[in-house]
Amino acid sequence: ETFGRGGLIGTIPTPFHDDTLEIHEEDLRNTVRYVIDCKNDGLFFLGNVGEFYSMTREERMKVTEIVADEAKGKIAIMPQTAHHSAREAIILSKHAQEAGCDHVVLLSSYFQLATQQGLEEWWHEVCAPLDIGVVFYDSPLAFLATADTIAKLSREIPNIVGVKDGRPDLMWCLDTERKADNKIWVSDPLEDHWPQEMKVMANPCHCTSWHTWLLQEPGNTPMRDYTDLIMAGKWEEGLKKYNEMEPGRQL
C-alpha cells in the first residue's frame, strides 16, 4: 500500500568512516537523498549490500533512525531486520516500526533451519508481535522457501506484503504470486528481467536493486522512464528506453 504497481525499490550500502569504521552519517543521508532524487518509490537498507551481518544491534538501530529521519515521508523505507535469533529479529523490527519505517524485511533464520515446517514456525514466531508490513526475503543465504510455503504463510500472516526473491527465476515468482492468490507482490532480483516481470506479474514490483540509482541520476532516470512507459502499456517505447541503458549494464 506504500507504493503502487510498477514500484522501484533501491538498495543501498551502509557507509562507514575509513579510519574509525563508525557509521558515516553525512554520507548515509546523502545517499538517501540521492535515491529519492532518482525517483525511486522505496528504499531498502541494511540488507546484504548494507552489511547488516557485520554490525551490532546498536549500529543497525542507529542507521534505521538516520534513514527514517532523512526520508521523512518522501519515500517508503524498509530496513532488513533479520537475525538468527527470533528475539533479536523482533526487537529490531519493533524498533523500525517505532522509528517510522513503512515495512521491515526479514530473512528466515540463517543458521540450522532446514525444513519447511521449521521455516513456518519461525515466521509465525517473529511476525506475531509485529504490527508493521513485512517483506519476505527468500534468499539462498538462508533456507529457501517453496512457493507453496510462502503462499500458505501469506494467508496465515496478514502483514506479509511481498517477497524479495534471491533467485533469478521469474517463473518461480509468477508461480508464487498466483499460489498466494495475487494478494502479495513477488519480485525477481534482476533488472534485466524487469520488463518481462511487468508484463506477466499481477503486482509487478522491483525489489531490490542498485540499478535504480547506479544507472540513474537526478534529472536522468531511464529506469523510471521505461518502467512508467511499460506500465502505461507503451511496450515498444519502454523497451527502446530499456535498451538504451545497455552500455551502463555492461559497465
Side-chain angles (χ1 to χ4, degrees), residues 1-13 30-45 47-50 71 73-78 102-103 105 135-140 147 161-180 182-251:
E1 294 182 358
T2 51
F3 45 85
R5 296 171 70 252
L8 300 177
I9 305 171
T11 184
I12 61 171
N30 286 340
T31 303
V32 171
R33 289 196 296 271
Y34 193 85
V35 170
I36 293 170
D37 291 343
C38 287
K39 297 183 181 180
N40 287 279
D41 302 292
L43 173 60
F44 171 62
F45 58 103
N48 300 337
V49 171
K74 300 184 186 80
I75 191 172
I77 55 172
M78 49 197 79
D102 298 278
H103 300 317
V105 183
V135 175
F136 192 121
Y137 186 2
D138 192 45
S139 170
V161 298
V163 179
K164 171 186 161 41
D165 187 42
R167 296 165 286 195
D169 187 345
L170 184 54
M171 295 310 296
W172 183 91
C173 294
L174 181 61
D175 184 44
T176 303
E177 185 186 48
R178 286 176 174 171
K179 286 181 175 176
N182 293 331
K183 292 182 179 177
I184 60 173
W185 51 262
V186 184
S187 174
D188 179 278
L190 297 183
E191 185 267 342
D192 308 52
H193 295 178
W194 178 228
Q196 187 65 17
E197 187 177 353
M198 284 188 277
K199 208 170 187 181
V200 301
M201 302 294 284
N203 303 293
C205 175
H206 189 64
C207 173
T208 59
S209 169
W210 45 84
H211 290 79
T212 60
W213 57 278
L214 281 181
L215 295 184
Q216 301 195 113
E217 60 185 349
N220 179 28
T221 54
M223 189 174 176
R224 172 85 275 164
D225 295 343
Y226 84 67
T227 296
D228 291 346
L229 286 166
I230 291 174
M231 290 303 300
K234 300 177 180 178
W235 175 258
E236 294 299 331
E237 275 186 75
L239 206 58
K240 181 181 178 182
K241 182 67 69 173
Y242 167 85
N243 289 331
E244 289 173 1
M245 294 175 61
E246 190 57 30
R249 291 187 194 97
Q250 294 300 322
L251 179 63

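Just so it is clear, the structure is predicted and the values come from calculations on it, not from any experiment.
Distance check: His103 NE2 to Phe44 CZ gives 12.5 Å after rounding to the nearest 0.5 Å. Interatomic distance, Phe136 CZ to Ser187 OG, rounded to the nearest 0.5 Å: 14.5 Å. Here the CG-NZ distance, from Asn220 to Lys39, works out to 10.0 Å after rounding to the nearest 0.5 Å. Distance CD/Glu237 to CG/Asp228: 12.0 Å, rounded to 0.5 Å. Atom SG in Cys38 sits 9.0 Å away from atom CG in Leu214 (nearest 0.5 Å). Of the inter-residue distances, the one linking Trp210 atom CH2 with Ile12 atom CD1 reads 13.5 Å to the nearest 0.5 angstrom.
Counting heavy atoms from C-beta outward, His193 and Gln196 have side chains that stay 4.5 Å or more apart. Counting only heavy atoms from C-beta outward, the side chains of Trp185 and Val135 approach each other to under 4.5 Å. Looking at Ile230 and Lys199, their side chains never come closer than 4.5 Å, going by heavy atoms from C-beta outward. Contact check for Trp235 versus Met198: no side-chain heavy atoms found under the 4.5 Å cut-off. Annotation: side chain of Asn182 is in contact with side chain of Asn203 (closest heavy-atom distance under 4.5 Å). Side-chain atoms of Ile9 and Asn40, non-hydrogen and from C-beta on, never get closer than 4.5 Å to each other. Using a 4.5 Å heavy-atom threshold, the side chains of Glu191 and Tyr242 count as touching.
Nearest heavy atoms, Val186 versus Glu197: O-OE2, 3.3 Å. Closest heavy-atom contact between Thr227 and Gly6: CG2-O, 3.4 Å. Counting all heavy atoms, side chain and backbone alike, Ala147 lies closest to Thr176 at CB-OG1, 3.3 Å. Contact between Leu174 and Met201 at its shortest, heavy atoms only, is CA-SD, 3.6 Å. The heavy-atom pair separating Leu190 from Pro168 by the smallest distance is CD1-CB, 3.4 Å. Here the shortest heavy-atom pairing between Asp188 and Asp169 reads OD2-N, 3.4 Å.
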For this session: Before giving the answer on salt bridge (charged side-chain N to carboxylate O under 4.0 Å, His left out), spell out for Asp41 and Arg224 the whole-Å C-alpha distance, their side-chain angles and the decisive distance to 0.1 Å.
Result: CA-CA 10 Å; Asp41 302 292; Arg224 172 85 275 164; 2.8 Å; yes

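Other residues, nucleotides and ligands place more than 12 heavy atoms under 6.0 Å from the NZ atom of Lys74. Counting heavy-atom neighbours within 6.0 Å of Arg249 CZ, excluding the residue itself, gives a total above 12.
Residues Lys240 and Asp225 are not paired through a salt bridge, judged by the lack of any N-O separation under 4.0 Å between the basic side chain and the carboxylate. Note on Asp138 versus Arg167: salt bridge recorded, some NZ/NE/NH1/NH2 to OD/OE distance being below 4.0 Å. Contact check on Asp175 versus Lys179 returns a salt bridge, with a Lys/Arg side-chain nitrogen under 4.0 Å from an Asp/Glu carboxylate oxygen.
The backbone N or O of Glu246 sits nowhere less than 3.5 Å from a side-chain atom of Gln250 that would complete a donor-acceptor pair.
Ring planes of Trp194 and His206: tilted class, angle from 30 to 60°.
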